[in-house]
2 protein chains.
Amino acid sequence: MPENQVFLHFAKYIALSNALKEELSQRIVSKTLKKGELVHSAHNVCTSSYFIRKGLLRIYFLKEGQEISEFFCAENEWVNSPKSFMQRQLDIYWIDAIEETEAFSLHISDLGYLLEHFPEMERYARLSMGTIFAHLLERISSLRFTSAKERYEHFCSVYQTIHARIPLGMVASYLGIAQETLSRIRALK
Amino acid sequence: MPENQVFLHFAKYIALSNALKEELSQRIVSKTLKKGELVHSAHNVCTSSYFIRKGLLRIYFLKEGQEISEFFCAENEWVNSPKSFMQRQLDIYWIDAIEETEAFSLHISDLGYLLEHFPEMERYARLSMGTIFAHLLERISSLRFTSAKERYEHFCSVYQTIHARIPLGMVASYLGIAQETLSRIRALK
DNA sequence: ATGATTTTTTGATATAGGTCAAAAATTATT
DNA sequence: AATAATTTTTGACCTATATCAAAAAATCAT
């Protein structure tokens with residue numbers, strides 16, 4: 001059963017009742033994305049969250065005509081555009097597929113229903129945010145105190161399984177360094 | 001009733017039942033802190049969260065003997081050391097008072113109790129994390145793409161009411177720039 | 001208040017990483 | 001496979017910010 005993959009993810013944080021499994025199964029929708037395909041566009045409210053079964057998505061925005069990558073999300077993670085999704089605001093971010101990707105989507109109204117009816121779902125949301133929280137704090141530390149080279153190494157260690165699947169230019173903008181600089185850093189090894 | 005100040009804060013996110021108000025009142029403890037006093041020390045697990053009624057706290061760590069400020073928290077906010085508090089880990093952070101401060105403390109076991117028995121408390125926790133989340137994302141953007149000067153200006157706008165109450169050296173380490181640089185930036189205006 | 005300590009400012013110099021431009025390598029399209 | 005488009009690398013030069021050192025100003029303790 002393909003939903004099992006999502007269930008396993010939830011099980012890292014909470015005990016999933018059969019009732020919740022049922023409701024979840026009925027609400028998630030399978031999607032396949034081609035490389036380069038958008039799942040969300042700027043100037044809209046982000047209304048779905050995507051659980052990646054296989055593949056790699058990127059959230060980015062445009063700055064002076066350039067794409068600036070904000071995060072990358074791979075297997076067994078949920079992606080959405082956080083601020084737009086949580087606060088139902090129009091967005092500046094785009095989400096596209098770096099690779100061909102298989103995902104489940106969950107609409108925000110369905111998430112709302114689940115949060116409303118299953119207290120453990122609130123708990124899941126709080127706890128899983130804690131994980132992301134810790135990542136953001138590390139990223140801030142990394143940006144404040146480390147050289148471009150160290151930041152790249154940190155990036156490779158955090159995105160262990162996927163860093164090699166992401167084009168150099170996207171990594172550079174994610175790290176906030178010039179693409180030329182990243183190219184030089186890579187050349188050192 | 002002094003607890004009203006905390007209730008007002010909760011009311012920004014959820015409707016507070018009388019039962020929850022009761023339980024909260026019984027669990028929060030009033031504390032007064034002198035300037036410079038520590039409320040939490042590294043090498044311990046952070047077991048309390050503090051709601052600031054008046055004053056200013058700072059969370060910092062030591063790097064090569066230097067104090068590096070991680071955040072500042074003022075009136076009507078909760079402070080703790082996030083990673084240690086959420087994951088019950090030994091900590092690297094210290095929390096001290098920049099000014100004489102009045103706070104309520106809430107022990108993690110009491111928070112656990114409230115989360116356990118009041119689903120709206122889970123909701124509050126999730127939603128209030130959303131607010132902090134948005135701040136962290138902005139801070140990351142600010143670190144990646146803006147000059148020291150712009151970062152300082154952004155800092156002043158975010159910490160509108162409190163930036164002037166924080167010593168320059170602490171602000172510099174928060175922004176990840178040298179204290180001399182910040183002094184020069186300030187001199188420009 | 002007075003000296004001691006801490007914090008901030010100013011000056012001189014060094015460097016990591018940015019920018020612009022062009023070549024090389026890789027990937028996509030017909 | 002050949003050509004076009006995109007991405008990455010290399011080179012030359014420049015700028016923002018770091019570092020080190022010392023003076024000035026502010027704050028603290030007796």
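Sequence lines set the chain letters: A, B, ... in the order given, protein chains first and strands last, and positions in each chain run from 1.
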Undergrad: A:Leu168 CG to C:dA24 P: how many Å, rounded?
TA: 19 Å
Undergrad: Nearest-Å distance, CG (A:Leu175) to C1' (C:dA16)?
TA: 15 Å
Undergrad: Could you report the tightest heavy-atom contact between B:Phe51 and B:Gln5, atom names first, then the distance?
TA: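 Shortest heavy-atom separation between B:Phe51 and B:Gln5 comes out as CZ-O, 3.7 Å.
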Undergrad: Kindly determine whether B:Glu122 and B:Arg126 satisfy salt bridge (Lys or Arg N to Asp or Glu O under 4.0 Å), including the steps that lead there.
TA: CA-CA 6 Å; B:Glu122 285 281 0; B:Arg126 173 172 65 86; over 6 Å; no
Undergrad: Would you check, one step at a time, whether the test salt bridge (Lys or Arg N to Asp or Glu O under 4.0 Å) holds for B:Glu70 with A:Arg144?
TA: CA-CA 10 Å; B:Glu70 191 73 82; A:Arg144 280 199 300 174; 2.5 Å; yes
Undergrad: Once each nucleotide of nucleotides 17-30 of chain D is scored for protein heavy atoms under 4.0 Å, what B/S/- sequence comes out, 5' to 3'?
TA: SSBBB------S--
Undergrad: For the rings on B:Tyr174 and B:Phe155, is their centre-to-centre separation under 6.0 Å?
TA: yes
Undergrad: If only side-chain N and O atoms of A:Ser183 are considered, is one of them under 4.0 Å from the OP1 or OP2 phosphate oxygen of D:dT9?
TA: yes
Undergrad: Between C:dT9 atom C1' and B:Arg186 atom CZ, what is the distance in whole Å?
TA: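 In whole Å, C:dT9 C1' and B:Arg186 CZ are 11 Å from each other.
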Undergrad: Centre of B:Tyr113's six-membered ring, under 6.0 Å away, within 45 degrees of the axis: is that where NZ or CZ of B:Arg27 sits?
TA: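 Yes, B:Arg27 and B:Tyr113 form such a contact.
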Undergrad: Using whole Å, report how far CZ of B:Phe145 lies from P of C:dT19.
TA: 11 Å
Undergrad: Using five base pairs at each end to define the local axes, how bent is the helix from C:dA1-D:dT30 to C:dT30-D:dA1, to the nearest 10°?
TA: 60°
Undergrad: One pair to check against salt bridge (Lys or Arg N to Asp or Glu O under 4.0 Å): A:Glu75 and A:Lys54. What are the steps and the verdict?
TA: CA-CA 5 Å; A:Glu75 284 81 16; A:Lys54 187 167 185 331; 5.2 Å; no
Undergrad: Given atom CG of A:Leu143 and atom P of C:dG17, what is their separation to the nearest angstrom?
TA: 12 Å
Undergrad: Would you mind reading off the distance between A:Glu67 atom CD and D:dT6 atom C1', rounded to a whole angstrom?
TA: 12 Å
Undergrad: Identify whether A:Leu168 and A:Ile166 are in the same connected component of the hydrophobic contact network (ILVMFWY, side-chain heavy atoms under 4.5 Å).
TA: yes
Undergrad: Quick one: which of A:Phe10, A:Phe7, A:Phe118 gives a ring-ring contact (aromatic ring centres under 6.0 Å, His included) with A:Tyr124?
TA: A:Phe10
